[in-house]
Novice: 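Dropping the structure in here first, questions after.
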Amino acid sequence: MGKLGWWLLLGTGLLLALGGVGYVAMTQRQSGPRWDRLLPEAKLKAQQVIAAATAAGLDVMFWDGWRSPEASAANMQAGTSKVKNPLDSLHVWGAAFDIVFKNAAGLPEWPPETDPRWRQLAEIGRRLGLVSGGLAWGWDWPHFQLVGYTAGLLRAQNADNYLAFLQRSGAQVA
């Protein structure tokens with residue numbers, strides 16, 4: 001095989017390897033800070049939503065959970081978050097998570113808001129005792145949050161120290 005053939009073979013293998021890493025990173029999201037820093041109750045509820053949705057015939061996956069204040073600020077800048085301060089997001093406090101659909105390849109998919117599966121998923125979350133973004137304020141259909149938590153109260157009670165709150169609450173902070 002000539003040099004060009006080896007480069008093509010190496011390049012193809014590298015692309016496959018990188019594609020595999022990307023696929024794993026996209027589908028195995030229940031690891032790392034976005035999962036570990038969720039409150040234990042939020043982790044349990046996320047698992048329950050996924051199990052109930054799967055039983056109802058919906059192909060879903062955990063997409064996002066805990067977010068740093070910096071990530072929340074980036075979402076504010078991008079217009080995907082309507083909070084006025086990053087610490088006003090329940091994601092920062094570990095009490096909110098997002099569930100999205102999977103496409104035929106198992107990758108995340110966000111169908112249009114008019115897709116009836118969003119309402120079906122939101123109703124599953126509501127039946128499990130969660131607040132659904134879609135049902136509560138008519139947008140942010142992937143969003144679910146624990147009942148009884150407000151960012152204002154958490155900020156006041158914890159002097160904005162979300163990491164100390166998470167650690168005291170049993171989330172993995174380190």
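Quantities reported herein were computed from a predicted structural model and do not represent experimental measurements.
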Novice: Given side chain to side chain contact (heavy atoms under 4.5 Å, CB included), test Ile99 with Leu121 step by step and report yes or no.
Specialist: CA-CA 9 Å; Ile99 303 290; Leu121 179 62; 4.1 Å; yes
Novice: How about Thr150 and Arg155: do any of their side-chain heavy atoms sit closer than 4.5 Å?
Specialist: no
Novice: Could you go through the side chain to side chain contact (heavy atoms under 4.5 Å, CB included) check for Tyr149 and Leu154 one step at a time?
Specialist: CA-CA 7 Å; Tyr149 288 86; Leu154 289 168; 4.0 Å; yes
Novice: To the nearest 0.5 Å, what is the distance between NZ (Lys43) and CZ (Phe97)?
Specialist: 12.5 Å
Novice: More than 12 foreign heavy atoms under 6.0 Å from CD of Gln47: is that the case here?
Specialist: yes
Novice: Dump the intermediate steps for side chain to side chain contact (heavy atoms under 4.5 Å, CB included) on Leu38 and Gln172, then the final yes or no.
Specialist: CA-CA 8 Å; Leu38 279 177; Gln172 298 172 18; over 6 Å; no
Novice: Atom CZ of residue position Arg119 - does it have more than 12 heavy atoms of other residues, nucleotides or ligands inside 6.0 Å?
Specialist: no
Novice: From Asn103 CG over to Glu109 CD, what is the distance, rounded to the nearest 0.5 angstrom?
Specialist: 5.5 Å
Novice: Could you tell me which non-hydrogen atom of Pro111 sits nearest to which non-hydrogen atom of Trp118, and how far apart they are?
Specialist: O-NE1, 3.0 Å
Novice: Do Phe62 and Val49 come within less than 4.5 Å of each other through their side chains, counting heavy atoms only?
Specialist: no
Novice: Kindly assign one of parallel, tilted or perpendicular to the pair Trp137 and His143, based on the angle between their ring planes and the thresholds 30° and 60°.
Specialist: tilted
Novice: What I'd like to find out is whether the side chain of Leu58 reaches to under 4.5 Å of the side chain of Phe101, using heavy atoms alone.
Specialist: yes
Novice: State plainly whether one hydrophobic cluster holds both Val83 and Phe144, where clusters connect Ile, Leu, Val, Met, Phe, Trp and Tyr through side-chain heavy atoms under 4.5 angstrom apart.
Specialist: no
Novice: Quick one: is the NZ or CZ of Lys102 closer than 6.0 Å to the six-membered ring centre of Trp63, and within 45° of its axis?
Specialist: no
Novice: Where do Trp141 and Ala122 come nearest, in terms of heavy atoms and distance?
Specialist: CZ3-CB, 3.7 Å
Novice: Ser89 side chain to His91 main-chain N or O, any donor-acceptor pair under 3.5 Å?
Specialist: yes
Novice: Within this structure, what is the CG-CG distance for the pair Leu90 and Leu39, rounded to the nearest 0.5 Å?
Specialist: 9.5 Å
Novice: Nearest 0.5 Å, what's the CG-CD distance between Leu130 and Gln48?
Specialist: 8.0 Å
Novice: Shortest non-hydrogen contact from Ile50 to Met61?
Specialist: CD1-C, 4.4 Å
Novice: Check the hydrophobic clustering (I, L, V, M, F, W, Y; side-chain heavy atoms under 4.5 Å; chains of links allowed) and say if Tyr162 and Met76 are grouped together.
Specialist: no
Novice: So how far is it from Trp66 CH2 to Asp36 CG, rounded to the nearest 0.5 Å?
Specialist: 10.5 Å
Novice: Say whether, by atom type as modelled, one donor and one acceptor occur between the side chain of Asn158 and the main chain of Asn161 under 3.5 angstrom.
Specialist: no
Novice: Measure the shortest side-chain to side-chain distance between Arg29 and Trp35 over non-hydrogen atoms and say whether it is less than 4.5 angstrom.
Specialist: no
Novice: Find the distance between OG (Ser132) and CD (Glu123) and round it off to the nearest 0.5 Å.
Specialist: 8.0 Å
Novice: Please report the closest heavy-atom contact between Leu128 and Lys45, naming both atoms and the distance.
Specialist: O-NZ, 2.5 Å
Novice: Evaluate the criterion salt bridge (Lys or Arg N to Asp or Glu O under 4.0 Å) for residue pair Asp140 and Lys82; output intermediate values, then yes/no.
Specialist: CA-CA 10 Å; Asp140 202 2; Lys82 294 186 181 181; over 6 Å; no
Novice: Can you tell if the side chain of Arg67 reaches within under 4.5 Å of the side chain of Asp98, non-hydrogen atoms only?
Specialist: yes
Novice: Quick check: closest heavy atoms across Pro86 and Val92, and the distance to 0.1 Å?
Specialist: O-CG2, 3.3 Å
Novice: Same cluster for Ile124 and Val131 if Ile/Leu/Val/Met/Phe/Trp/Tyr side chains link at under 4.5 Å?
Specialist: no
Novice: Might you point out which heavy atoms bring Val100 and Pro108 nearest each other, and give the distance in Å?
Specialist: CG2-CB, 3.9 Å
Novice: Is there a continuous path of hydrophobic side-chain contacts, each under 4.5 Å between heavy atoms, that joins Trp110 to Trp139?
Specialist: no
